[in-house]
Amino acid sequence: MAIDSLKGCLSSAEANRAAAGAVREVHCKAEIVECTVSDGGEGWIDAWGTGEVIETTVHDPLMRPIRARYLKQGEVAVVEIAQACGLTLLRPEERNPLSASSYGVGELIADGLKRGCTRFIVGLGGSATSDAGQGMLKALKDVDARGVTFTIATDVGNPLYGERGAAAIFAPQKGATPSMVRELDARARLFAESNAREMGFDRSQAAGAGAAGGLGYAFMQFFNADCRPGAELLLDTLHFDHILKDADLVITGEGHADRQTLMGKLPCHILNRARAKEVPCHLIAGGIQDADILLAAGFASIHEINPPTLSLEEALKPETAKRQIAWTVQQLLH
C-alpha cells in the first residue's frame, strides 16, 4: 500500500490502513506493507517514520504565533514548510501572497540548528507565500548555518520568475489577482538580480526555484541546497524497490487522478518503480478522469472509489472515505 493523502479527508497512513483492512478480509494471511508517502507537501513529516517530534512556536504567514512541528532523527531535521507557512493556515479571505511571509520556516530551521541538527530535509509544498523566501532569510539572518546541508523536496520544476515562475503559475491559487502576480514577479526578479550581483551566481532559473513561492530559490541560492523530487527522495529512503522485490501487487492512489497524475505526481513515481520490478500497480482515487490515458501509461487497473450519486460533502467525510476505499479494494481483489 502506497496511497497518497486524500487532501482535506484522510492522511496517507489512514488511507493505507483502510485498504490493508480490506485486503485482510479477502486474504487473511496476506503479507501487507503499508508505506506512508508524500511528495514533499502534506504528510511529509509523517512519511519519514520514527524520530523525535519537536513542537515549537513560530509565526504563520500573517505573523501570528502558532505551534508547528518538525521531525528530529539524530542530527537530521525533517521539515514540512506548510507547518509554518501553509495555505491551510489561512481562511480564504485572508489569502494574500503580497503580504504573506515565510518567516516561520526560518524559525523552524533556527530551532533545529539550536538543537544540533546539521542536515535538513525540507518538504516544499502547500505554501501560502510568494516572497522568494525573503521572510525565511530574515528569520535566519543572525544564524550560523556553516557546515549545514539542505536537501529540498518538491515536484515543482518551475523557475523563480517569468511566465512559468512562482508568481505566474502558483500565486493565483494563493489569492493573487493579475496585478498582484505582476508585482510579485517583479519583486522576485529584482531580489534575484540583486543577489546575483552581490554573490556572483544566480539560481533563480534552476528547476525548483519557483517551488513554495520561491522558497526553493532561497534554499538553493543561500544554502546551496540539493533539489530532489520529493517522491523519489522518500521512496529511496523507504527502500521501496527492495519492498517491491517479493510483492504480488501494489495499490497506490490519490484524491483525484487524471492525465496530470502522469506529470510527476506521487502515483506516477509508484507506477514507474513497480513496472521496473514487473509488479502490477493498481490505482484508486476519489475521482478519475482520462481513464484511457492512465491505463495506457501502465496501471494494471484504475478504480474510482466514489459512486456518482455520492455528494462531495459526504465523500470528504473520513469515515465515508475509509468505507469506500475498503469496498473498492475488495472489488479490485475479487
Side-chain angles (χ1 to χ4, degrees), residues 1-28 30 32-39 41-44 46-47 82 86-93 95 125-126 155 172-175 231 249-271 274 280-334:
M1 304 302 163
I3 303 170
D4 200 0
S5 63
L6 278 61
K7 296 199 171 35
C9 181
L10 295 181
S11 68
S12 171
E14 290 170 330
N16 285 336
R17 205 172 302 128
V23 173
R24 288 190 185 96
E25 287 196 22
V26 179
H27 298 293
C28 62
I32 304 166
V33 180
E34 298 173 42
C35 297
T36 301
V37 289
S38 168
D39 59 8
E42 184 181 0
W44 182 244
D46 300 329
L87 196 60
T88 56
L89 299 174
L90 303 181
R91 297 192 300 273
E93 64 272 18
R95 296 175 182 177
D155 61 352
Q173 68 202 46
K174 303 175 186 184
L249 62 87
V250 173
I251 298 176
T252 187
E254 60 183 337
H256 184 85
D258 55 26
R259 66 182 67 205
Q260 290 190 37
T261 296
L262 303 175
M263 297 177 188
K265 291 175 77 174
L266 203 144
C268 179
H269 291 279
I270 302 290
L271 170 65
C281 182
H282 301 264
L283 175 70
I284 65 172
I288 290 174
Q289 290 176 289
D290 309 318
D292 52 340
I293 294 172
L294 293 169
L295 286 170
F299 285 108
S301 69
I302 56 173
H303 304 266
E304 189 166 2
I305 68 171
N306 296 320
T309 52
L310 193 67
S311 70
L312 180 61
E313 183 185 13
E314 182 63 28
L316 287 173
K317 292 178 180 175
E319 289 311 310
T320 301
K322 290 175 189 175
R323 186 174 66 246
Q324 293 303 124
I325 286 173
W327 183 85
T328 302
V329 169
Q330 286 182 0
Q331 300 308 305
L332 184 162
L333 293 174
H334 283 310

Compare all side-chain heavy atoms of [X] with those of [Y] and state whether any distance is below 4.5 angstrom.
{"X": "M1", "Y": "V33", "result": "no"}
{"X": "V250", "Y": "H282", "result": "no"}
{"X": "T252", "Y": "D4", "result": "no"}
{"X": "E42", "Y": "T88", "result": "no"}
{"X": "V37", "Y": "I3", "result": "no"}
{"X": "K265", "Y": "D39", "result": "no"}
{"X": "L10", "Y": "I325", "result": "yes"}
{"X": "R259", "Y": "Q289", "result": "no"}

What is the distance from atom [atom1] of [X] to atom [atom2] of [Y], rounded to the nearest 0.5 Å?
{"X": "C281", "Y": "L249", "atom1": "SG", "atom2": "CG", "answer": "9.0 Å"}
{"X": "I270", "Y": "C35", "atom1": "CD1", "atom2": "SG", "answer": "7.5 Å"}
{"X": "T261", "Y": "I293", "atom1": "OG1", "atom2": "CD1", "answer": "10.5 Å"}
{"X": "L310", "Y": "T320", "atom1": "CG", "atom2": "OG1", "answer": "6.5 Å"}
{"X": "S11", "Y": "D46", "atom1": "OG", "atom2": "CG", "answer": "7.0 Å"}
{"X": "R95", "Y": "K174", "atom1": "CZ", "atom2": "NZ", "answer": "11.0 Å"}

Exercise. Okay, side chain of E25, backbone of A22: is any donor-acceptor separation there less than 3.5 Å?
Worked result: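 No, because the side chain of E25 does not come within donor-acceptor range (under 3.5 Å) of the backbone of A22.
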Exercise. For the side chain of Q324 and the backbone of I305, is there at least one donor-acceptor N/O pair under 3.5 Å apart?
Worked result: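 Looks like yes, one N/O pair under 3.5 Å.
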Problem set entry | side-chain contact (heavy atoms from CB on, under 4.5 Å) assessment of I288 paired with D258 | CA-CA 6 Å; I288 290 174; D258 55 26; over 6 Å; no
So, for [X] and [Y], which heavy atoms are closest and what is the spacing to 0.1 Å?
{"X": "A315", "Y": "A321", "value": "O-CB, 4.0 Å"}
{"X": "L6", "Y": "A15", "value": "CD1-CB, 4.3 Å"}
{"X": "H269", "Y": "A231", "value": "CD2-CB, 3.5 Å"}
{"X": "A82", "Y": "G125", "value": "CB-O, 3.5 Å"}

Problem set entry | Evaluation steps, salt bridge (charged side-chain N to carboxylate O under 4.0 Å, His left out), between E314 and K317 | CA-CA 5 Å; E314 182 63 28; K317 292 178 180 175; 3.0 Å; yes
Exercise. Does any donor atom in the side chain of T328 or H303 lie under 3.5 Å from an acceptor atom in the other side chain?
Worked result: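 Checked: T328/H303 side chains show no N/O donor-acceptor pair below 3.5 Å.
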Exercise. Counting only heavy atoms not in E313, do more than 12 fall under 6.0 Å of its CD?
Worked result: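 No, because the 6.0 Å sphere around CD of E313 holds 12 heavy atoms or fewer from other groups.
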For this session: Assess whether atom CD of Q260 is packed by more than 12 heavy atoms of other residues, nucleotides or ligands within 6.0 Å.
Result: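 Atom CD in Q260 is not crowded, with 12 or fewer foreign heavy atoms closer than 6.0 Å.
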Problem set entry | Verdict with supporting geometry, L283 and S301, side-chain contact (heavy atoms from CB on, under 4.5 Å) | CA-CA 6 Å; L283 175 70; S301 69; over 6 Å; no
For this session: For the pair L262 and F299, evaluate side-chain contact (heavy atoms from CB on, under 4.5 Å) and give the outcome as yes or no after the intermediate values.
Result: CA-CA 11 Å; L262 303 175; F299 285 108; 4.2 Å; yes
For this session: For E93 and R91, run salt bridge (charged side-chain N to carboxylate O under 4.0 Å, His left out): C-alpha distance rounded to whole Å, both residues' side-chain angles, the deciding distance at 0.1 Å, then the answer.
Result: CA-CA 5 Å; E93 64 272 18; R91 297 192 300 273; 2.9 Å; yes
